[in-house]
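Bear in mind the structure is a predicted one, so any value in this text is a computation, not a measurement. Convention: sequence-line order gives letters A, B, ...; per-chain numbering from 1.
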Number of protein chains: 2
Amino acid sequence: MASGRSHRPATRSRGIPEATVARLPLYLRALTALSERSVPTVSSEELAAAAGVNSAKLRKDFSYLGSYGTRGVGYDVEYLVYQISRELGLTQDWPVVIVGIGNLGAALANYGGFASRGFRVAALIDADHALTGRNVAGLPVRHTDELEDIIRDNQVSIGVIATPAGAAQEVCDRLVAAGVTSILNFAPTVLSVPDGVDVRKVDLSIELQILAFHEQRKAGEDLGEAVAAASAGEEKGGLAPRAKTAAAKAAAARTAAAKAVAAAAGKTKRPGPDGDVPAVMPA
Amino acid sequence: MASGRSHRPATRSRGIPEATVARLPLYLRALTALSERSVPTVSSEELAAAAGVNSAKLRKDFSYLGSYGTRGVGYDVEYLVYQISRELGLTQDWPVVIVGIGNLGAALANYGGFASRGFRVAALIDADHALTGRNVAGLPVRHTDELEDIIRDNQVSIGVIATPAGAAQEVCDRLVAAGVTSILNFAPTVLSVPDGVDVRKVDLSIELQILAFHEQRKAGEDLGEAVAAASAGEEKGGLAPRAKTAAAKAAAARTAAAKAVAAAAGKTKRPGPDGDVPAVMPA
DNA sequence: CTATGTGAATCGCTTCACAGCA
DNA sequence: TGCTGTGAAGCGATTCACATAG
């Protein structure tokens, strides 16, 4: 039943809001960069800019961790790096396994960002005997048969699934059964896991689809929208063929460029099944 | 200034909530699976389960698109597939470029999920002359010098950045200057883009860090928390060395297993700089 | 006088519960 | 009767604005 990113829906211990937790790594990265440049302190304003958020949010976020700043001055970079690292659990060493050593799995194995933040790739696992024994990113690929032993021997609690969609749930079940309680899922499937197991999902095609939605908004409305409007009014059952006109629309729209977009957004209507709905949000 | 996922903060045309947009691809995937099994209709309950959300949310989401269901019956699978596809802009063909053909870029180029949903990889681009000319996923890798020409010739409006962090902003600037208005960024950096350009970010190490946070919660509190509590009480400046004890904690905690987690969460306190903070949020 | 830390206002999303339609 | 569609309540996150501390 528990799946997706539902984090202990009822009993949130006392905690840091989930939205804040999701931003801590961002702050940490910005702080690490400052630290490397030997910058001693930052203001919330500067750090917020570096992390890509606004300063009020950043201050509120930090307030959940404690009062780590100095009024009139700012935050001590080194101190904050340590506090955030500790809060995120990065002062510890987390062994992870990557299951599914295809293109993506290999990319993950080679990804430097893991090792640099307390994550250690304990093993690479694949079901393909042609792969097992080979070296990827300096580690031997081991066979799925060994999965349970690997988890136990290395006391792995975090697993990364980079298998095809079809294999993901079974791999997930085995990981969980062997003791893994956090899963990062790259396979395009909804995983179901027991309570107490966290799943985070990274889905490349979903991200692109979200972009396409916004892109369509930018490009479409004032140009080729007759097409969409017409098909929207259709009776059920009449499925329109794929349009193939995006490039033309996009090109035309692109000429208008960035600034025009904001202006256009205001006078724009969405074609809906109900015909024309006036904009609800006044500018 | 505009960066991260801030989508037209003020002027939201009339629209579908962002949270809903982010779920549409999920529904679409579930529906596509049903369609392939020739299932004619689904109830909100069934579809919600397949997509990993609850049915109220799903119905509310669909209500933003229009009234596509039939009371007492459910939703017509084919019809809904089409409507969602159209809403997301997937009835069009979106040429994308991938910049940075390292491990990750290659993985993306090979990723089937792109092609299957209206996205066409128009070109692979890399700065490394050793790579250019080579074939990856059936496409020749082209040099960064050609970037602007490629964007224009193929009328590309969506770009994927899979370069090292250091190169990302410059690539981004060039993409935007050449006409790209949506960017999917895999590089661990905050990109700044002009208004009207959408950026979505996928950060592997951030996802892992979020998992680590929750993992630490599960494992830590009742076991080795003395360590964290002690160091939290320290004066500024005393940076504790990396702990390396995660595995031991995790192992011990894991024995207690999933069910214990929920129970433990209730009686747990966060160690803070101010010592002990009582739970602010009453259960 | 500057920049943090935080109550209070606001916003948007989720959930509830039921009216309305097939 | 069964399931959708949706006002209204609830809840968490963001933003505002200022008291507070250095």
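- Take the nearest nucleotide of DNA chain D for A:V73 and for A:A19: the residue whose nucleotide is more 5' is A:A19.
- Ranking C:dG7, C:dG5, C:dT14 by closeness to the A:K60 side chain, first place goes to C:dG7.
- In summary, of the residues considered (B:V21, B:L90, B:D198), a side chain to side chain contact (heavy atoms under 4.5 Å, CB included) with A:F213 occurs for B:V21 alone.
- Across the protein-nucleic acid pair, B:Y68 atom OH and D:dG5 atom P stand 11 Å apart, rounded to whole Å.
- Rounding to the nearest 0.5 Å gives a distance of 7.0 Å between CG of A:L80 and CG of A:L47.
- Remark: C1' of D:dT14 and CG of A:L58 are 13 Å apart, rounded to the nearest angstrom.
- A:F62 comes within 4.0 angstrom of no nucleic acid atom, judged by non-hydrogen atoms across all strands.
- Of the possible polar contacts, none joining the A:E215 side chain to the B:W94 backbone as a donor-acceptor pair under 3.5 Å is found.
- B:L80 places its CG atom 15 Å from the C1' atom of D:dC3, with the value rounded to the nearest Å.
- A straight line from CG of B:N54 to C1' of D:dG10 spans 14 Å, rounded to a whole angstrom.
- Comparing A:G72 and B:K57 along DNA chain C, the residue whose closest nucleotide (by nearest heavy atom) sits nearer the 5' end is A:G72.
- When rounded to the nearest whole Å, the span between OH of A:Y64 and P of D:dA13 equals 7 Å.
- The six-membered or imidazole ring of A:Y79 lies near that of A:Y68, with a centre-to-centre distance under 6.0 Å.
- No N or O donor and acceptor, one from the side chain of B:R59 and one from the base of D:dT4, sit under 3.5 Å apart.
- In this structure, the OH atom of B:Y79 is 16 Å from the P atom of D:dT4, given to the nearest Å.
- Between the CZ atom of A:R71 and the P atom of C:dA3 there is a distance of 14 Å, rounded to whole Å.
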